[in-house]
Amino acid sequence: MLKQRKSIVGLDIGSSCIKAVEITQDKYDYVITGYAQTEVPDEQGRQDAIAELFRAGKFRTKRVATAVSGKSVIFRYINMPDVPDDKLQQAVRFEADKYIPFDVNEVELDAQKLMTGTGEGGKSEAKVLLVAAKKTVVEDHARMLTDLGLQPATVGIDGFALGNAWELADVVNPGVREAGRTVALIDIGATKSSINILRNNVSCFAREVTMGGNELTQAIIRRLGIEAAAAEALKRDPGEQMATVQEAVAQVLDDLGNEINLSFDFFENQFDGEVNEVLLTGGSVLLPFLEENLEKIFEKRTRVWNPVEGLKVKSDSVDVEALNQFAPQLAVAIGLASAS
């Protein structure tokens with residue numbers, strides 16, 4: 001039966017680790033039918049790493065959903081006259097040159113209406129999330145996959161993939177969550193942290209912070225005078241050096257936590273609401289005390305999120321033990337696959 005169902009691979013191309021999760025869908029049934037991940041030594045080795053990943057993963061499809069991020073992607077929150085949903089994209093394109101530092105003709109644009117209200121003069125007004133990505137970056141990304149014999153189905157944004165994974169978790173675990181809560185999804189990667197704040201499963205705020213696990217690793221290197229590989233291993237499993245590692249990274253965690261808090265403040269001021277819970281994903285969540293330290297900074301319930309929970313897994317084609325071990329790193333890959 002599964003062979004007749006729709007399959008796609010969510011490919012999260014991180015700067016230090018590449019993750020791929022294949023999801024096969026039939027009506028309301030979502031099954032993880034493939035999974036693989038690999039470390040990537042540098043940008044030059046990325047294409048070879050992806051090719052090796054697909055050889056090792058033995059995925060049933062070559063259809064791929066992936067994402068772009070970084071300085072080539074711009075998020076803006078704008079107020080504009082309310083228009084019907086089918087006219088939103090066109091209206092935003094007319095407004096975009098006021099808000100983005102690129103030529104409008106050089107970017108891919110997307111927009112999402114967040115809320116409506118009454119503006120000056122009693123006119124209907126909408127708060128809109130505008131996202132722009134350079135066309136050249138999107139095209140280069142798609143071309144790289146095509147050159148590998150893959151079929152790029154979509155090129156999205158990391159932060160929104162987090163939201164898709166959260167919505168999928170609601171589908172496979174209906175009725176588990178308390179309605180009306182506002183959650184912040186924070187994916188802490190090697191070079192950046194993606195933030196997506198959702199209210200009732202609707203993305204209200206998205207942002208990237210250029211801080212991540214590499215700063216934690218560098219702090220350990222400076223403190224202990226060890227090689228990068230040893231510092232990475234110690235970050236994931238400090239063992240008897242827990243106190244030393246915790247002291248080494250304390251300032252970095254404070255800086256990261258305070259930067260994320262600025263996003264919470266912005267959201268709470270703009271949307272007249274409060275973030276109720278913070279969910280952490282990404283490679284850096286393997287740091288044993290991350291959850292506890294950030295909870296103190298945020299003063300909000302904070303926990304590591306397992307986006308695999310509730311999904312069915314085809315155990316004869318997936319290394320279930322590895323999948324569960326690295327599950328908190330897979331939110332972006334799962335979100336990319338689930339939305340395509």
Side-chain angles (χ1 to χ4, degrees), residues 8-21 37-38 40-51 53-54 62-78 89 92-112 128-165 185 187-196 203 205-214 282-283 331-337 339-340:
I8 192 163
V9 177
L11 182 64
D12 177 12
I13 307 174
S15 58
S16 66
C17 183
I18 301 174
K19 287 83 67 178
V21 177
Q37 70 178 63
T38 185
V40 56
D42 50 45
E43 190 169 341
Q44 288 70 33
R46 189 171 299 166
Q47 196 161 343
D48 288 341
I50 294 171
L53 192 74
F54 272 79
K62 292 187 176 182
R63 293 181 65 243
V64 173
T66 187
V68 294
S69 60
K71 295 179 180 179
S72 62
V73 180
I74 301 295
F75 300 90
R76 293 290 185 267
Y77 296 83
I78 63 176
Q89 300 292 334
V92 164
R93 182 163 285 276
F94 283 118
E95 299 279 337
D97 59 352
K98 302 176 186 176
Y99 302 102
I100 62 175
F102 309 131
D103 186 320
V104 173
N105 295 317
E106 296 177 354
V107 298
E108 299 285 355
L109 283 176
D110 198 3
Q112 180 172 313
V128 174
L129 169 59
L130 165 66
V131 183
K134 279 191 172 182
K135 285 183 179 179
T136 53
V137 173
V138 174
E139 291 165 357
D140 288 348
H141 212 70
R143 189 180 303 111
M144 175 187 67
L145 298 176
T146 302
D147 289 346
L148 289 169
L150 303 174
Q151 301 164 12
T154 61
V155 180
I157 305 294
D158 283 358
F160 294 135
L162 291 176
N164 295 336
L185 308 177
D187 185 80
I188 306 175
T191 59
K192 65 176 176 60
S193 298
S194 299
I195 304 167
N196 194 338
S203 178
F205 178 89
R207 181 191 175 207
E208 288 183 355
V209 174
T210 53
M211 292 182 66
N214 284 354
V332 170
I334 289 171
L336 288 168
S340 302

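Interatomic distance, SG of C17 versus CG of D12, reported as 8.0 Å (0.5 Å rounding). To the nearest 0.5 Å, the span separating CD1 on I13 from OG1 on T66 amounts to 4.0 Å. The line from CD1 of I18 to CZ of F54 is 9.5 Å long, rounded to the nearest 0.5 Å. The line from CZ of R207 to CD1 of I195 is 5.5 Å long, rounded to the nearest 0.5 Å. To the nearest 0.5 angstrom, T154 atom OG1 is 6.5 Å from L336 atom CG.
Not counting sequence neighbours, T210 has no partner by the side-chain contact (heavy atoms from CB on, under 4.5 Å) test. With sequence neighbours excluded, the residues that form a side-chain contact (heavy atoms from CB on, under 4.5 Å) with S72 are K134, V137. Remark: Y77 engages F205, F266 in a ring-ring contact (aromatic ring centres under 6.0 Å, His included) (not counting sequence neighbours). Taking the side-chain contact (heavy atoms from CB on, under 4.5 Å) definition, one finds that A111 meets it with L88, Q89, V92, V128, sequence neighbours left out. Not a single side-chain hydrogen bond (donor to acceptor under 3.5 Å, both in side chains) links Q112 to another residue, sequence neighbours left out. For D140, the salt bridge (Lys or Arg N to Asp or Glu O under 4.0 Å) test picks out R143, with sequence neighbours left out. Every side-chain contact (heavy atoms from CB on, under 4.5 Å) that V131 has, sequence neighbours left out, goes to V73, F75, L129, I157, F160. Taking R93 as the reference, nothing meets the salt bridge (Lys or Arg N to Asp or Glu O under 4.0 Å) condition, with sequence neighbours excluded. Residues satisfying the side-chain hydrogen bond (donor to acceptor under 3.5 Å, both in side chains) test with N164, not counting sequence neighbours, are none.
Listed here is the closest heavy atom pair of A331 and A165: O-CB, 3.4 Å. Here the closest non-hydrogen pair linking G163 and N196 is N-ND2, 3.7 Å. Across all non-hydrogen atoms, the minimal contact from S69 to E208 is CB-OE2, 3.0 Å. Annotation for A49 and V40: closest pair CB-CG2, 4.3 Å, computed over non-hydrogen atoms. Counting all heavy atoms, side chain and backbone alike, A132 lies closest to L109 at CB-CD2, 3.6 Å. Closest approach of I188 and G212 over heavy atoms only: CG2-CA, 4.1 Å.
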Walk me through whether E108 and V155 qualify under side-chain contact (heavy atoms from CB on, under 4.5 Å). CA-CA 11 Å; E108 299 285 355; V155 180; over 6 Å; no

Check: residues 146-153 side-chain donor-acceptor pairs under 3.5 Å, at least two apart:
| residue | atom | partner | partner atom | Å |
| --- | --- | --- | --- | --- |
| T146 | OG1 | A142 | O | 3.0 |

Enumerate donor-acceptor pairs with a distance under 3.5 Å from any side-chain N or O in residues 97-107 to protein atoms, sequence neighbours excluded.
| residue | atom | partner | partner atom | Å |
| --- | --- | --- | --- | --- |
| K98 | NZ | E95 | OE1 | 3.1 |
| D103 | OD1 | N105 | N | 2.8 |

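Put simply, the side chain of V332 reaches to within 4.5 Å of the side chain of L162, judged on heavy atoms.
Counted within 6.0 Å of NZ on K135, heavy atoms from surrounding residues, nucleotides or ligands total more than 12; the atom is thus considered enclosed.
Under the salt bridge (charged side-chain N to carboxylate O under 4.0 Å, His left out) criterion, the residue pairs touching residues 153-163 are D158-K192, with sequence neighbours excluded.
Panel note: side chain S193, backbone M211; a donor-acceptor pair is recorded below 3.5 Å.
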